[in-house]
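Here is the naming used below: chain letters follow the sequence lines, and residue numbers restart at 1 for every chain.
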Amino acid sequence: MQDIEKDLALQQEKLRQWVEIPDGKEGYCPVKGDKILALDIQYTEDFAHIGGDFFEWQGKSIGTFAGVVRASVPYIPSYFCFREGPPLLSFIEYLQKQLSIVPQLIIIDGHGIAHPRKLGVACWIGIATKIPTLGCAKDTLVHYQGELGEAKGSRVPVLVDSNLVGYVLRTQDGIKPLFVSPGHLVSLETSVEIVLSLPGEYRIPDPLRNADQAARHHAKKSQEFPYQDIGEIGEVKPFFYI
DNA sequence: GCGACAG
DNA sequence: ATCTTGTCGC
C-alpha cells in the first residue's frame, strides 16, 4: 500500500470514532414535512458539478439545485470520501447560508458504514454537518453472502468484521439492487425503510435521480432539466486533516 | 502475482 | 465518474 493510502486509511480510522449509528427504531426517523436533501455529483475534468434535490418527507418538492466547485483530490477506491466529501460540504453550507435551508436528513450517492473501514462518504458528511445521513450506492465495496429475493423490499445483509453494516436492497421487482447503509445518526433499519418509502418507479429513487439529472445538465450547461443554478461555490477547504 | 475496486 | 452509436423495447 502507498504511503498516501496508509495516511488516508488512518484518517478514516480516526474519523470512524465520531460516527453514531443508533439501533433499530432509535435515532432519526422522518416525520411528514421534514426537509430531506438528496445529493449527486458529475465530473468534468477537475470540476465537481453537484446536484441537490430538496423535498419534504411525504410532501412537496422544495427545489432542485446545482452548482460547481473544483475537485482537487483524486478518486481512489475506498477513499472516495476525501474526493467527494469537501465539494458536497461546500454545497450544503451554501444552501444553508445563502438560502437558509437546512435538511433534517441527507441522502448521499455512495456508502455509509458498508465500507472496508466503516467510513464511507455518507459518514464523512454526517460527521462534518452533524446531520443524519444515509448512503445509497449502485455497487458494493465489500462482499456479501446470500440469495436475494426478486420482490421489491427483499434484502441481504452486508457484514464487515462480522458486524451488520448494510443491506443489498431490491428497490423494484426483478431489478438490480441498491446498497444501502447508514452514514450517521440513523439506524440501518430506518435507512432501509426510508429508501423503500422514497417516491419513484426506478432502481434509483426519484430524489437521487433528480439530483443526478441536475448535476448532469449543469455539467453540460443545459437547462433542459429544471434546476436552480447557484453557480460557483467558492473553494473547498480540506476538513479533518488534524 | 492477479484481479477487483462507491464515484 | 467519463469517452461513445446504434438498437431493441415499452
Side-chain angles (χ1 to χ4, degrees), chain A residues 1-2 4-6 8-9 11-12 15-16 19 38-53 66-92 106-128 133-145 156 158-160 165-169 171-184 188 191 195 200-205 207-222 236:
Chain A
M1 193 187 267
Q2 306 283 330
I4 300 271
E5 289 192 28
K6 273 185 186 162
L8 295 178
Q11 292 286 336
Q12 290 179 324
L15 291 174
R16 187 167 113 185
V19 174
L39 297 170
D40 190 27
I41 293 189
Q42 299 293 324
Y43 296 94
T44 54
E45 292 168 2
D46 276 347
F47 292 100
H49 294 266
I50 306 164
D53 192 50
V68 64
V69 66
R70 187 175 282 283
S72 45
V73 180
Y75 167 67
I76 306 171
S78 90
Y79 301 101
F80 183 51
C81 60
F82 300 114
R83 173 171 173 81
E84 197 136 325
L88 289 176
L89 186 55
S90 300
F91 183 85
I92 295 162
I106 302 173
I107 300 172
I108 314 268
D109 188 339
H111 292 292
I113 59 173
H115 175 279
R117 288 167 298 283
K118 298 178 185 168
L119 202 110
V121 62
C123 303
W124 195 99
I125 293 294
I127 300 167
T133 59
L134 72 86
C136 211
K138 295 179 281 297
D139 285 295
T140 183
L141 268 174
V142 297
H143 296 109
Y144 61 93
Q145 288 190 317
V156 164
V158 176
L159 308 177
V160 170
V165 293
Y167 279 108
V168 181
L169 180 70
T171 52
Q172 296 297 335
D173 293 348
I175 301 300
K176 203 177 149 190
L178 285 185
F179 300 84
V180 177
S181 60
H184 193 45
L188 174 52
S191 298
V195 171
E201 281 127 63
Y202 301 93
R203 179 163 90 115
I204 313 289
L208 279 174
R209 296 181 87 237
N210 293 338
D212 176 277
Q213 285 301 301
R216 190 162 247 120
H217 284 268
H218 191 276
K220 290 192 297 185
K221 304 185 191 304
S222 150
V236 295

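Between A:F47 atom CZ and C:dT2 atom C1' there is a gap of 16 Å when expressed in whole angstrom units. What separates CG of A:L88 from P of C:dA1 is a distance of 14 Å, to the nearest Å.
One finds a salt bridge joining A:K138 and A:D109 here, because a Lys/Arg side-chain nitrogen approaches an Asp/Glu carboxylate oxygen to under 4.0 Å.
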With sugar-phosphate taken as primed atoms, P, OP1 and OP2 and all else as base, the protein-contact string of nucleotides 2-7 of chain B at under 4.0 Å (heavy atoms; B, S, -) is ---BBB
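For the pair A:Q42/A:D212, a side-chain contact is recorded, criterion being any heavy-atom separation below 4.5 Å from C-beta on. A:R203 places a side-chain heavy atom less than 4.5 Å from the side chain of A:L178.
The aromatic rings of A:Y75 and A:F80 stand perpendicular to each other, their planes meeting at an angle above 60°, with 30° marking the opposite boundary.
Residue A:I4 qualifies as open at atom CD1: its count of foreign heavy atoms under 6.0 Å is 12 or below.
Within the model, atoms CD1 of A:I106 and CG of A:L88 stand 8.5 Å from one another, a figure rounded to the nearest 0.5 Å. Going from atom CD1 of A:I41 over to atom CZ of A:F91 covers 9.5 Å, rounded to the nearest 0.5 Å. Taken from SG in A:C81 to CG in A:L8, the straight-line distance is 8.0 Å, to the nearest 0.5 Å.
For DNA chain C, runs of at least 3 consecutive pairs of the Watson-Crick or G-U wobble type, with both hydrogen-bonding distances under 3.5 angstrom, are absent.
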